[in-house]
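Quick notes on the structure that follows.
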Amino acid sequence: MTPTPTPTVSLREVRDGDLAAFWEHATDPGAQHMAAMTRGHHYDRSAFDTHWAKVRSDPAVTVRTILADGEAAGHVAVYGPPEEREVTYTVGRPYWGRGVATAALRALLVLEPARPLYGFAAADNTGSVRVLEKCGFLVTGSVREYARARGEEIEFVRLVLPAPAEGP
């Protein structure tokens with residue numbers, strides 16, 4: 001079987017038309033299981049629309065649509081207070097394992113110079129942990145928390161992209 005080629009990945013500002021794809025990704029049961037940490041807006045379209053209106057109007061949030069060969073494949077963002085900035089990303093299932101999330105996060109890191117940055121992932125979501133590690137994040141610990149999408153407490157890993165070391 002011929003492997004699926006890696007698509008060309010780019011980022012752009014979120015457009016209203018992207019939200020339908022984001023909703024599809026947010027409500028995919030397999031994606032919810034992998035992410036594990038879901039919120040109310042992952043289950044209710046009205047709450048989803050309210051969430052995205054808030055995200056898009058918050059000047060402290062850097063959010064972009066991920067394009068893979070020109071198609072809306074997901075989103076990537078940085079949010080939170082200056083000392084606790086966190087990355088998040090979601091890509092649709094057709095793009096899993098194709099380098100899309102890694103390329104998108106790398107592109108976002110160019111737009112967001114603040115360091116350190118933090119990331120969290122379900123410990124068994126090896127794909128997401130690997131994306132963060134490929135982008136320079138280091139695992140710094142773990143915590144057990146309730147995962148709504150799984151209906152149980154699971155282990156999450158915390159990662160950090162540290163500030164560059166200062167020269168001599």
Side-chain donor/acceptor pairs under 3.5 Å, residues 61-80, sequence neighbours excluded:
residue	atom	partner	partner atom	Å
Arg64	NH2	Glu13	OE2	3.3
Thr65	OG1	Asp18	OD2	2.6
Asp69	OD1	Thr8	N	2.8
Tyr79	OH	Glu86	OE1	3.3
Tyr79	OH	Glu86	OE2	3.1

Taking the side chain as everything from C-beta on, heavy atoms only, tell me whether Thr90 gets closer than 4.5 Å to Phe22.
no
Qualifying residues under salt bridge (charged side-chain N to carboxylate O under 4.0 Å, His left out), relative to Arg115, sequence neighbours excluded
none
With sequence neighbours left out, what residues match His25 under ring pair (Phe, Tyr, Trp, His ring centres under 6.0 Å)?
none
Report yes or no: is the cationic atom of Arg93 (NZ for Lys, CZ for Arg) under 6.0 Å from the centre of the six-membered ring of Trp96, at an angle within 45° of the ring normal?
yes
I need the single residue from Leu138, Val139, Thr102 that forms a side chain to side chain contact (heavy atoms under 4.5 Å, CB included) with Glu133. Which is it?
Val139
Test side chain to side chain contact (heavy atoms under 4.5 Å, CB included) applied to Arg130 and Asn125, step by step
CA-CA 9 Å; Arg130 188 71 185 122; Asn125 185 347; over 6 Å; no
Could you list the donor-acceptor pairs under 3.5 angstrom formed between side-chain atoms of residues 104-111 and any protein atom two or more places apart in sequence or on another chain?
residue	atom	partner	partner atom	Å
Arg106	NH2	Lys134	O	3.2

Are Leu11 and Val87 linked, directly or through other ILVMFWY residues, by side chains that come within less than 4.5 angstrom of each other?
yes
Could you pull out all residues at least two apart from Trp23 that satisfy ring pair (Phe, Tyr, Trp, His ring centres under 6.0 Å)?
Phe48
Is there a side-chain contact between Val55 and Val14 (heavy atoms, below 4.5 Å)?
no
Using side chain to side chain contact (heavy atoms under 4.5 Å, CB included) as the criterion, list what pairs up with Ala53, not counting sequence neighbours.
none
Taking C-beta and beyond as the side chain, do Pro7 and Val100 meet within less than 4.5 Å on heavy atoms?
yes
Contacts of Arg45 meeting side-chain hydrogen bond (donor to acceptor under 3.5 Å, both in side chains) (sequence neighbours excluded), chain-then-number -> Asp49
Can you give the donor-acceptor pairs under 3.5 Å from side chains of residues 149-160 to other protein atoms, not counting sequence neighbours?
residue	atom	partner	partner atom	Å
Arg150	NE	His33	O	2.7
Arg150	NH1	Asp124	OD1	3.1
Arg150	NH1	Asp124	OD2	2.7
Arg150	NH2	His33	O	2.7
Arg150	NH2	Asp124	OD1	3.0
Glu155	OE2	Ser142	OG	3.0

Are Leu19 and Glu24 packed together at the side-chain level, in the sense that at least one heavy-atom pair is separated by less than 4.5 angstrom?
no
Among all residues two or more places apart in sequence or in another chain, which pass the side chain to side chain contact (heavy atoms under 4.5 Å, CB included) test with Thr50?
none
What's the shortest heavy-atom distance between Ala122 and Val129, and which atoms?
O-CG2, 4.0 Å
Quick one: list whatever passes salt bridge (charged side-chain N to carboxylate O under 4.0 Å, His left out) with Glu112, sequence neighbours left out.
Arg85
Got a sec, which pairs hit ring-ring contact (aromatic ring centres under 6.0 Å, His included) with one end in residues 125-146, sequence neighbours left out?
none
I'd like to check Ser128 versus Met34 (side-chain heavy atoms, cut-off strictly below 4.5 Å). Are they in contact?
no
With sequence neighbours left out, what residues match Tyr118 under ring pair (Phe, Tyr, Trp, His ring centres under 6.0 Å)?
none
